[in-house]
Amino acid sequence: MQEKITALRTQCIAEIRQCASTAQLQDVKVRYLGKSGQITALLKGMKDVAPEDRPKIGSMVNTLRNELEELLEKKTVEISEQEMKRKLQSERVDVSLKSLDEPLGTLHPITLVTQQIEEILVPLGFKVLEGPEIETDYYSFQALNIPADHPARDMQDTFYITDSILLRPHTSPMQARYMEKHQPPIKIVCPGKVFRSDSDASHSPVFNQIEGLVVDKHLTLCDLKGTLEYVAQNLFNKDTKVRFRPSYFPFTEPSVEVDLSCSNCGGKGCSLCKGTGWIEVLGAGMVNPFVLENCGIDSSKYNGYAFGMGIERIAMIKYGIPDIRLFYENDQRFLKQFKK
Amino acid sequence: MKAPISWLKQYVDIDVDIDTLCRKMVDIGFEIEEVDYLGDKISNIVVGQVVSVEQHPNADRLNCCKVDIGGEVIPIVTNDRHVKEGDKVPVALDDSHTANGMHIKKGKMRGEESFGMFCGGEELGITADMYPDADKEGVLVLQPSAKVGADIRTEVGLDDYVLDFNITSNRQDCNSIYGLAREVAVALGKQCRPLETDFDATSNTETDSLVQVDVRNTDLCQGYLMQGVTDVRIAPSPLWMTSRLAKVGLRGINNLVDITNYVLIEVGQPMHAFDYREIKDKKIVVRCANEGEKLVVLDGKEYTLRSGDLVIADNCRAVGLAGVMGGLDSGIKESTSTVLFESARFARENIRRTSRRLGLRSDSSARFEKGVDGYSPEVGLNRALHLICQLGCGKVTRGRIEKRSETKWNKRITFNKSRIRQLLGISVSDDKVKSILTSLGIQCEIEGKTVTCVAPRWREYDLHRDCDIIEEIIRVYGYDNIVGTLMEKTTITTGGKPEHVKFIDKAKTVLAGMKYNECIFYPFAGKNLYSKSQKDYDTSSNIALINPIAEDLTYMNRQLYHNMLQCISLNHSRKNYLLRLFESGKVYLADQLPLTQLPTEENRICMASTYAGSFDRFKQEVLALLYSYAEDLTLKPSCESWLHPGVSADVFMGEEKVAVLGKVHPEVAENFSFVKDVYIAEIRIDAVASKANKTFRYLPFAKFPSIDRDFALVMKEEVAAQDVVDCFTKLPLCENVKVFDVYRNAQQLGEGNKSIAVTVTFRDRNKTLEDKNIEKQVSSCLKELQEKYGATLR
């Protein structure tokens, strides 16, 4: 009996060692330790063992059983580890391989800049508004203190549809439209397409502006400068400076051209700013009281400021785009570059 | 407005360099478009004096000269054999540049050394208007007064800058040398010297014996002054005058004409000189033209006038188009002996209208359009008569005809001193305010809190009220004194975007998430593009521009897809084949043409893909966008002619068509030379937005299990899957219908047939469903499918 046990042990251990998969191990387990396995058979055969030998043999069988179970367990772990390793090995990918499809799509740089400016101004209490692109002469000019045949009309070469309906040459008509219907406090910002009949490398017959208007008590030219500094510093960088130069717009008085310190060279002078350290980006001023009065706002109580900037101009500076025509050509190689 | 520094210097001392001057002028509101140094093109050319002239030993047509160039004598070989000993001539030295682009170096000519070249007017870039004899051929012999060794630019007047100012339209007074001189004086803190306008009326003739003036339209002609010159001697003008005119781009003609031009540039007053012989019946009438009246003006062309045009007439006919151009007959001629000077003020709006309508522009009309003030006609006439006397062109007649409808000037502006701080946000001291305003010619008094100003007449177009005066203060005081503040004292307001803007922003983000790149196009196009993208496109319902800049930018778009097709074509031609593009833009829909009111501007989104490869994939992307907003969508075959008739669909949200999508029609694809199949959709995003679900409610999960049943149905090709789906969907217990296979096999199913396999999910939300509960519904549905569509179970 003892030899039988020893032989069984040797045989079983050898078989366990040879196992290469969990399936084989399971097979060995069933054959030796299963219900009708050989070890189980030994226990069942105890009745044939002499009663005095039974405790000894029984203990031997149990020891063997425990030993084999432990061995099996160990081997199981070993094999499943190997199997997992193989599986992982076989599933390995080359992570450096480029995906065949495109990354996310992009928004047009005009949209990006417009949204950025809106996001800067909305928390300051500005409402975003859009107005009609096909406008009346009244809102485009007359309401803004530019009567018919006034020399200031030469400032914009306007596309006309009829004598009194035109493509808006600026986003300013929304100033008048909004003020006619609302009393101060007013804080609005109006982005959108505008149209002028000229075209070359720096002029497009269609371009985008964003107009800001604030009307309230206790509003000053210093507030206009402060707001524009805030916008410029958030749009470019915190060191950006704002400079006012006197200018003329019929709907503001005083009127200023606004220069920003060149974001490219930080004001030292470079090719972008033509060596001046400053870049002209927008026009602004205190709303002319004639305009306030035209729209039914008491100019003795309220001051207003307004500013209007060209979106393309800002995008050109911010992203280093050399030619305004690139915006409207929509070459995919251009569009794809503006990842947010 | 071009202004030579030398001319400005007549009126104000300029003792700063050109860069400083420019900067200071910009600081007070005068942008400078160009700084032109007249001597820029030439270098290293000096005044030389010929010491000796000898025949060149090896060349018949050349002379060898020795030239004193100031302390040094150099050899010059020349082909101008008129140059003689003692002549002073311009000498281009070794390594010099001439105005006509030559680079002169020393060298040998036929074996004889030459250290440079003699120059003529052409090499110096000057005409006889700037220096005597400068337009003669050959070497320019300089005046005996020329200083040997001096830079030639100084001798011939090229050592001068011409500044081109961009004058804002409120400063009509600065479209003149004198107006600018006033501002230069302010910028530099100097005094501006007065214009010389005195003259002696030495003629025996009284002005009103020559002519009577009748101004009939005083609204269009607010001032009309006239005075004559007798014993006129037409002759060339002196060099100082022609030289100044040349620097601003005007050619010298004769003394009379040059004086009118000179006054226009210097004082800003357009003048007109009539030949007295041509004024019939001693009568000048300023009146509106008769409708259809004809006039031949100085440019030799005949113009047909309208009743709104103002003319200057004698008793018989129009002799000039007021403020625009004089008549051909009444112009100054060599034989003119008596002249009538007109110095007037015409309404700028009217001049602008007439000049634009006739397409006839002149320096005079350009100036009147900008606005002539009430001060200018008198100053202009006085200055012109002063110059007549100075140049000795004739004798000024006695007395002056003055017709004025304007009231006497006294523009008083009064405001509370606190307005300065209220508007600017900073304080400016009383003394500073006074000194700034005084320097600008604005009389100013401050008493207590009240500021009282009287604006000078030349500022009548732009100084109306307190803010105008305050602008004058700050532009001179300096905008650098304005310190930024962030609206600390204003009311708190709530900012934000309107719903439809947020909606479109979201759609853009969704599209970018689906790998689409945003495009932006011009919202107008032309017939070419329209007919390329849609056969027989009719532009009659498009809104058209009156003054387009190009034929292909004439009509406002009614659809977005035209531009998108064009853009794909461009990208394909540049080898960008795989594209996913979208545009969020407007289309313009007129209720009635021509427009009597503003049209509808509708927001749309156009999507296009060459990636999709199949209708189904593209449809998924379009619907993915639409399903972000709504669930109730149905697709029906589309009849848009620009899309493939078998591979296109209209999308309905309820009853409303909100989108079309499909594969571009092969003919259209050919027109645009597409390399890849193009799938395109145009979505009426406003319509989608108005119908979008804005509220959501949580729906609990179903507690009871569902039953799935699969059906394979054979039917004709023409039957739409949606019809089959609809048949099941309307069953009361049907929860979902999914088409999972479409199978075609002519042998098994018969020619022209297809098999559609669907999984129908049934559920009762209140109890567990058993087969028997749905059998009746299923069989009635199958019966309906059989009857309506001939669909049979496979």
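Reminder, nothing fancy here: chain letters follow the sequence lines and each chain counts from 1.
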Side chain, backbone, both or neither: which part of [X] has an atom under 4.5 Å from a heavy atom of chain B?
| X | value |
| --- | --- |
| A/N330 | both |
| A/S255 | both |
| A/V189 | neither |
| A/E118 | side chain |
| A/F290 | both |

- Query: With a 6.0 Å cut-off on ring centres, are A/Y328 and B/F521 close enough?
  - Reply: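 No - the distance between ring centres of A/Y328 and B/F521 does not fall below the 6.0 Å cut-off.
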- Query: Any idea how A/F159 and B/F524 line up, ring-wise: parallel (<30°), tilted (30 to 60°), or perpendicular (>60°)?
  - Reply: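 Perpendicular.
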Is chain A contacted by the side chain of [X], its backbone, both, or neither, given a heavy-atom distance below 4.5 Å?
| X | value |
| --- | --- |
| B/V501 | side chain |
| B/E472 | neither |
| B/Y588 | side chain |

Electrostatic pair [X]-[Y], nearest N-O below 4.0 angstrom:
| X | Y | answer |
| --- | --- | --- |
| B/D27 | A/R245 | no |
| B/R574 | A/E329 | yes |
| B/K502 | A/E130 | no |

- Query: Are the side chain of A/K187 and the backbone N or O of B/T491 linked by a donor-acceptor pair below 3.5 Å?
  - Reply: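 The answer is yes, because a donor-acceptor pair under 3.5 Å joins these two groups.
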- Message: Apply side chain to side chain donor-acceptor pair (under 3.5 Å) to residues A/E253 and B/H464 and explain how you reach the verdict.
- Response: CA-CA 11 Å; A/E253 188 80 22; B/H464 304 289; over 6 Å; no
- Task: Sort by residue number and list every member of residues 506-514 of chain B having a non-hydrogen atom under 4.5 Å from chain A.
- Result: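 Residues in range: B/K508, B/A512, B/G513.
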- Message: Ignoring hydrogens, what is the shortest heavy-atom contact between A/L335 and B/L581? Give both atom names and the distance.
- Response: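 Minimum heavy-atom contact is CD1-CD2, 3.8 Å.
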